[in-house]
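Working notes for the structure below.
What you see is a predicted model, and the numbers here were worked out from it, not measured in a lab.
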Amino acid sequence: PYIAAILYRGYRKCVGALLAADWVLTTGTCGVDISANDFEVILGLHREGEEESTQRSKVERIFVHENFDFMTVDNDVALLKLAQPINLEDPFVSTISLPAENIDYEEDTECQEAGWYTCTTLQKIDLTTVSEKDCKESFGENAISNGMLCA
């Protein structure tokens, strides 16, 4: 219910998570160097083409992390300020629960990822985190920063 489909000029570009009625969290790669006017967010969407239970909002402004690095994808996070608030009384929409501040994720912590990817139906996968050491061995010593989570 908190997964947002983010459209760029009418086409699904990426996903995000509803933080509040007028804020969506997404990746920096989703919104870097693109006009907010070209974006629209859909909440409550489970399957493309079946939009009777959805809400839409244009994006008013994009805030990409000031230290986002497109080449390394370090600090790959952005906030979308919605032009119209989403109705949180809707049973098909809710905000995501956020973890406590400054939490360190131990190896084998359970987490989830969700999105449409190449499908037309929203998908979810359960993952477990791996150690920073194992992650750097897989992706390279310089490819993983302290601000990244590896699963």
Side-chain angles (χ1 to χ4, degrees), residues 1-34 38-57 59 62-65 67-82 86-88 90-151:
Y2 53 81
I3 297 294
I6 301 171
L7 307 181
Y8 173 70
R9 295 183 178 171
Y11 295 96
R12 188 170 27 86
K13 178 172 174 42
C14 43
V15 300
L18 188 66
L19 296 177
D22 55 351
W23 288 100
V24 171
L25 176 70
T26 189
T27 62
T29 52
C30 181
V32 69
D33 296 330
I34 299 175
D38 292 328
F39 281 98
E40 185 176 24
V41 171
I42 305 176
L43 274 299
L45 181 66
H46 177 72
R47 185 183 320 267
E48 285 185 355
E50 297 177 8
E51 297 189 23
E52 60 276 351
S53 62
T54 63
Q55 295 183 55
R56 290 176 173 255
S57 177
V59 174
I62 302 170
F63 298 88
V64 177
H65 191 288
N67 295 321
F68 170 60
D69 185 320
F70 193 82
M71 297 304 292
T72 65
V73 292
D74 201 16
N75 300 303
D76 188 15
V77 64
L79 290 170
L80 306 181
K81 172 72 168 144
L82 302 182
I86 298 298
N87 176 7
L88 296 177
D90 184 329
F92 298 102
V93 174
S94 66
T95 57
I96 191 170
S97 298
L98 295 176
E101 253 185 88
N102 301 317
I103 191 168
D104 285 327
Y105 290 95
E106 301 292 326
E107 184 176 358
D108 295 325
T109 299
E110 293 181 9
C111 57
Q112 296 177 340
E113 184 175 343
W116 287 268
Y117 310 103
T118 59
C119 306
T120 57
T121 303
L122 182 62
Q123 305 287 308
K124 178 191 84 157
I125 186 169
D126 294 318
L127 304 166
T128 55
T129 58
V130 297
S131 70
E132 185 176 332
K133 177 182 174 282
D134 289 346
C135 194
K136 286 184 176 185
E137 284 177 6
S138 294
F139 293 99
E141 187 68 31
N142 296 325
I144 305 300
S145 74
N146 292 335
M148 295 179 180
L149 183 65
C150 204

Any chance you could measure [X], atom [atom1], to [Y], atom [atom2], to the nearest 0.5 Å?
{"X": "L149", "Y": "I144", "atom1": "CG", "atom2": "CD1", "answer": "10.0 Å"}
{"X": "E132", "Y": "E137", "atom1": "CD", "atom2": "CD", "answer": "11.5 Å"}
{"X": "L25", "Y": "L98", "atom1": "CG", "atom2": "CG", "answer": "7.5 Å"}
{"X": "R47", "Y": "T121", "atom1": "CZ", "atom2": "OG1", "answer": "3.5 Å"}
{"X": "L79", "Y": "L19", "atom1": "CG", "atom2": "CG", "answer": "6.5 Å"}
{"X": "N75", "Y": "S145", "atom1": "CG", "atom2": "OG", "answer": "6.5 Å"}

### Message
Test side-chain contact (heavy atoms from CB on, under 4.5 Å) on I3 and K124; report intermediate values, then the result.
### Response
CA-CA 10 Å; I3 297 294; K124 178 191 84 157; over 6 Å; no

### N87 versus Q55, side-chain donor and acceptor atoms under 3.5 Å
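Their side chains do not contain a donor-acceptor pair, so the 3.5 Å distance test is not met.
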
### Query
Can you list the steps and then say if V41 with L18 is a side-chain contact (heavy atoms from CB on, under 4.5 Å)?
CA-CA 10 Å; V41 171; L18 188 66; over 6 Å; no

Taking every non-hydrogen atom, the tightest pair across [X] and [Y]:
{"X": "C14", "Y": "T26", "answer": "SG-OG1, 4.1 Å"}
{"X": "G16", "Y": "I6", "answer": "N-CD1, 3.8 Å"}
{"X": "L45", "Y": "A5", "answer": "CD2-CB, 4.1 Å"}
{"X": "D76", "Y": "V73", "answer": "CB-O, 3.2 Å"}
{"X": "T128", "Y": "E110", "answer": "CG2-CG, 4.2 Å"}
{"X": "E106", "Y": "T129", "answer": "O-OG1, 2.7 Å"}

Counting only heavy atoms not in [X], do more than 12 fall under 6.0 Å of its [atom1]?
{"X": "F70", "atom1": "CZ", "result": "no"}
{"X": "N67", "atom1": "CG", "result": "yes"}
{"X": "K81", "atom1": "NZ", "result": "yes"}

### Task
Please step through side-chain contact (heavy atoms from CB on, under 4.5 Å) for the pair F68 and T29, ending with a clear verdict.
CA-CA 9 Å; F68 170 60; T29 52; 3.6 Å; yes

#### Entry: Trace of the side-chain contact (heavy atoms from CB on, under 4.5 Å) decision for K13 with F39
CA-CA 9 Å; K13 178 172 174 42; F39 281 98; 4.0 Å; yes

